Each structure stands twice: as C-alpha cells, then as structure tokens.
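Just so you know, ligand 1 is whichever comes first in the structure, and atom 1 is the first atom listed for that ligand. Note that the structure is a prediction, hence the values are computed from the model and not measured.
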Amino acid sequence: MHQMTLAEIARGLADKKFSSEELTKVLLARITQLDPQLNSFISLTEDLAIEQAKAADARRANGESGALLGAPIAHKDLFCTQGIRTSCGSKMLDNFKAPYDATVVAKLAAAGAVTLGKTNMDEFAMGSANESSWYGAVKNPWNLEHVPGGSSGGSAAAVAARLLPAATATDTGGSIRQPAAFTNLTGLKPTYGRVSRWGMIAYASSLDQGGPLARTAEDCAILLQGMAGFDPNDSTSIDKPVPDYSASLGESLQGLRIGVPKEYFSAGLDPRIAELIQNSIQQLQKLGAVIKEISLPNMQHAIPAYYVIAPAEASSNLSRFDGVRFGHRCENPENLIDLYKRSRGEGFGAEVQRRIMVGAYALSAGYYDAYYLKAQKIRRLVKNDFMAAFNEVDIILGPTTPNPAWKLGAKNSDPVAAYLEDVYTITANLAGLPGLSMPAGFVDGLPVGVQLLAPYFQEGRLLNVAHQYQLNTDWHTRTPTGF
Ligand code: GLN
C-alpha cells in the first residue's frame, strides 16, 4: 500500500479498494517503525490524521470526489498549523503552537488531504543538508551516511522512503529541487507569487515559495493544484487563474525548444552528473525536443548576490523572535537587553546567527550600497539573462546540483563550501521563475536530478516535460533498499 503514488491512491479510493482511514493507519504505523532511522518528522499528528481520514471517507461516501480527498500528506514544519507545534526546525519555536493555519495548509485540508505530521527541516530553512535542525540531522534513505539535502530534507526523506506519497516544501534558493535531486524525487518550485506565503514562516520573503515534493510529475501536478491560487492575505500573491495542471500532462514534446546553458558545464560539475544530464537530453530529443546551446553570462555572480540578499531579508524577518511575544525566552532576564540577547542567543543555532549577522552587516548604513544594493543590481542582471534566453527557448535544462549528496558532517566546518552547491538552483529564485527537478540516474548509488526552468507561470509546461520524460524512463520508480 505504501508504494502507491497520489494518483494511484486517488483511483483506489474512488474504486473503494481501501479507505483513507485504512491507508492512513498503514502509513502512520510505517512512520513509527521506520522513521527512527531517518528522523524525517518533527511531529506526528496521528489523531488529526485519523479524524481527517474519517471525514474524507464520509465525504466520498456522500458522492464527493477529488484527487486529494483522503490523500495522506505532511507539511514542512514552517507552515503554520493551528494548535500544532510549528517549530521551523528551531529551538526558538519548539514551544510554538500556531494560532492559525497557513493558507496552503487550509487549502489542502479543504481539498480533503490528510495531515500525517510536520517534517524536519534546516533551522529557519537555512541550509542545504538538513543538518542545522535543532531536532537533529535527517538521513538520506538511499544511504544513511549521507545528507538528504535541505532545507526540506524531512519532506524529501519521508517521501523517498515511501513513508507517504507527497509532502509540502519550500524553496528560497533550492530547498525543494535540491533535496528532490538528492533523494530521487520530483520537486517543483512555482513562480514567485503562485502559492500563498501567508502562514509560511519567512526566511527571505522576496525569494521564498512553497511547492510540492513527490515521486512523479503527475503527483506534483495534483499537489500543486491544491496549493496554488490567489490569496488576499499575501500581498505578493498573484491574482491570476490557476490552470488545470493535470490536464497539461498530455502534450507532445515535438518541436519543444530546450536551451542548455554552456555555463552549466564548467569545472565545478561532477563529470558523472554531466554524463547523466547528456543522457536525459538525448532522451528528450528522442521525444521530439530540439536542443539549443544558450548562455546565462551573469550566473557566476548569483551565489554572492543570493548570500547577501537572503541573509539581509532573514536578519529583518527574524527580528520578531525577541523572547517577548512568542517563542523561546531565557530564564530570569535582568533587563530588556538581557532578555533579547539571551533569548536570541539560546534560541537560534549557529547558522541562523551567522546569517543574521551577515544580513545586518550588509544592510547597515555605510555598507548598504556596497553590498545590498549591488546584490540587487546583480539580481536584475540574472533576471535579464533569463528573459533573453526565453526569447529563444521554451525550457532551460541542466543539472540540479553539481555533486550528489555528501556525507553527513562533510561540510559542517565550511559553510561557503555548502553555499557553492546551490549554484544551479538559486538563479530561479533570484528571477522568481518556476523550476523543477526530476530523477535522472545514479552516481555511486546516490540519486542525481535534472533541472528544468520555464518562463513565469509555465508550471504546466515543466510538469508536462517531466511527465513525458517519466513515461519513457524508470529512474523515478527506483526505491531505496530497506524502504
Ligand atoms: N541552501 C540555500 C540556503 O541555505 C537555500 C535554502 C532554501 O531554499 N530554503 O539559503
């Protein structure tokens, strides 16, 4: 039962082969049995899950239908869930029970999805290995000595290990696509503004975007359908109709123009990954796509720009965690300054503190023009590169990551080494473009992802290309041993 995709579950529920309650109990038992190896969940919501599953079964008995009605999922632990701990992977919010549901959570619940729990993540979504969580590192089900990627590492590890079919995640600089690549999943970062950020704890507000993590493009279409849409509570949400993503999965790739940036194949890329990317290019050519070399000349500046902008926004967003209104408060503060200092010093981990300091520095008078303003100018150049490229091609293709998942602890003493691994993903966030990662093969038994980028609001195109690829390849069906 645990092998089923969201699409298969929807068919099984519609055909009354099993109930949502039965499936939910099987998956909850599986999580209890297997998750101690992975640490992919921060909280399990068993009672809520059973209650939602029973309600979904009742709605189906009353003649309702829907791809998510009775479908078990989990939420990355930065989506606010009413009355349930929403920790953001931080000691700071270990005691925080959200007073309301995030829009994404509320929309999925209304569609009948069943919440099994809240998944582990890098603290405040800062990281690419899921090692900065206060709740401990998450392990990669493909090799328990390796990281699952981050920051949505809990969602990724859980879905890859077949603990559940799909989960929500967020992507500020790659946190959906990179863990998807590291665990053999399909993950989609939508266009900035497509999915509401209301109730999604902010890391870098101009870059953050929620999206689906699942095993197939077909399932990403189903989950995205439930997440996307205009939200008056989020001023950056876009008031534009949501297309039927599942309906976009039947299109031929004949004549599809795929751009491959020459900058992607530079020295930093593992040659074994480069080979797998070439194989996926050939596969898409067989399906009718036309390949064109393109250039993204400002890509080399993207990492430094991102690691100024993201910490700058984080330093501002995280100022609300002051020990006064909610979250961790130190014992016996002597005065207000002591309360701030010790509450924040005790509540935030090392990586979060590092970014707050870098961000506050970049925003400070005297350095603002040299760092923050400069980074914003680079951001515009990165966007312009994409706009020029999309005049010539329909999709941009390349590797999701330069290397496969590294060993736990391997980059802990060198944060910049980890930042450099984001080279292929962060440009889409800087430009606000949609991006998808899908399975493309294995290196030393570890999964590799191929990334597709599309123009604004072309999520349907990304999902269709990935779906056509998955109809003709079987990488996405491979299961990690032991799960
Ligand atoms: N690795 C990137 C960072 O640490 C991206 C994280 C994310 O997308 N949330 O900022």
Side-chain angles (χ1 to χ4, degrees), residues 75-79 88-90 119-133 137-138 147-156 167-182 185 187-190 192 195 197 200-213 302-318 348-359 362 375 379 400-403 405-406 410-412 414-437 449 451:
H75 292 295
K76 183 174 181 178
D77 206 19
L78 53 53
F79 286 100
C88 226
S90 182
T119 55
N120 204 341
M121 54 180 286
D122 275 305
E123 187 178 6
F124 284 98
M126 298 174 191
S128 39
N130 213 127
E131 291 181 288
S132 74
S133 169
V138 178
V147 303
S151 62
S152 314
S155 289
T168 60
T170 62
D171 191 312
T172 304
S175 285
I176 293 177
R177 292 161 288 156
Q178 185 254 21
F182 280 9
L185 297 182
L188 173 75
K189 177 201 103 67
Y192 184 77
V195 169
R197 292 185 297 107
M200 207 177 98
I201 297 175
Y203 160 17
S205 309
S206 76
L207 302 158
D208 298 341
Q209 188 61 198
L213 260 175
I303 289 182
Y306 172 90
Y307 278 99
V308 169
I309 294 169
E313 293 186 17
S315 77
S316 165
N317 276 326
L318 271 57
F348 291 137
E351 184 61 25
V352 173
Q353 293 192 23
R354 176 181 299 123
R355 300 211 190 181
I356 289 173
M357 283 162 67
V358 167
R379 183 175 192 171
T400 308
T401 63
N403 294 293
W406 53 89
K411 294 190 196 284
N412 279 359
D414 185 359
V416 175
Y419 301 167
L420 292 173
E421 297 289 322
D422 296 336
V423 60
Y424 298 119
T425 49
I426 54 176
T427 51
N429 303 78
L430 289 171
L433 292 166
L436 175 148
S437 179
Q451 177 177 244

Within the 3.5 Å criterion, strictly below it, is a donor on E123 or S132 matched to an acceptor on the partner's side chain? no

Could you tell me whether the side chains of D422 and Q178 share a donor-acceptor contact shorter than 3.5 Å? no

Do any heavy atoms of Q178 fall under 4.0 Å from ligand 1? no

N/O to N/O below 3.5 Å, does that happen between M126 and ligand 1? no

Verdict with reasoning, V416 to Y307, per side chain to side chain contact (heavy atoms under 4.5 Å, CB included): CA-CA 10 Å; V416 175; Y307 278 99; over 6 Å; no

Which of the numbered atoms in ligand 1 are below 4.0 angstrom from a heavy atom of G127? 1 (N), 2 (C), 3 (C), 4 (O), 6 (C)

Below 3.5 angstrom, do we get any N/O pair linking D171 and ligand 1? no

Quick one: look up the protein heavy atom nearest atom 5 (C) of ligand 1 and list residue, atom name and how far away it is. Y306 OH, 3.3 Å

Any heavy atom of K76 under 4.0 Å from ligand 1? The part involved is neither

Please tell me whether Y306 and Y419 form a close aromatic pair, meaning their ring centres lie under 6.0 Å apart. no

Go through the structure and list residues passing ring-ring contact (aromatic ring centres under 6.0 Å, His included) with F182, not counting sequence neighbours. W406

Please tell me whether K76 and S155 have a donor and an acceptor in their side chains that are separated by less than 3.5 angstrom. no

Where do M126 and L318 land on the side chain to side chain contact (heavy atoms under 4.5 Å, CB included) test, with the steps shown first? CA-CA 12 Å; M126 298 174 191; L318 271 57; 3.9 Å; yes

Who gets closest to atom 6 (C) of ligand 1 by heavy atom: S132, S175, P415, P179? S175

Partners meeting salt bridge (Lys or Arg N to Asp or Glu O under 4.0 Å) with D171 (sequence neighbours left out): R177

In this structure, atom 1 (N) of ligand 1 is nearest to the protein heavy atom D422 OD2, 2.9 Å

Measure the distances from the heavy atoms of S151 to every atom of ligand 1 and state whether one is below 4.0 angstrom. yes

Considering the heavy atoms of G173, write down every atom of ligand 1 situated less than 4.0 Å from one of them. 5 (C), 7 (C), 8 (O)

For Y203, take its heavy atoms, then give the atoms of ligand 1 lying under 4.0 Å from any of them. 3 (C), 9 (N), 10 (O)

If you define the side chain from C-beta out and look only at heavy atoms, does anything of T400 sit under 4.5 Å from T425? yes

Atoms of ligand 1 close to A125 [distance to a heavy atom under 4.0 angstrom, numbered from 1]: 6 (C), 7 (C), 9 (N)

Any idea which atoms of ligand 1 are less than 4.0 Å away from a heavy-atom of Y307? 1 (N), 2 (C), 3 (C), 4 (O), 10 (O)

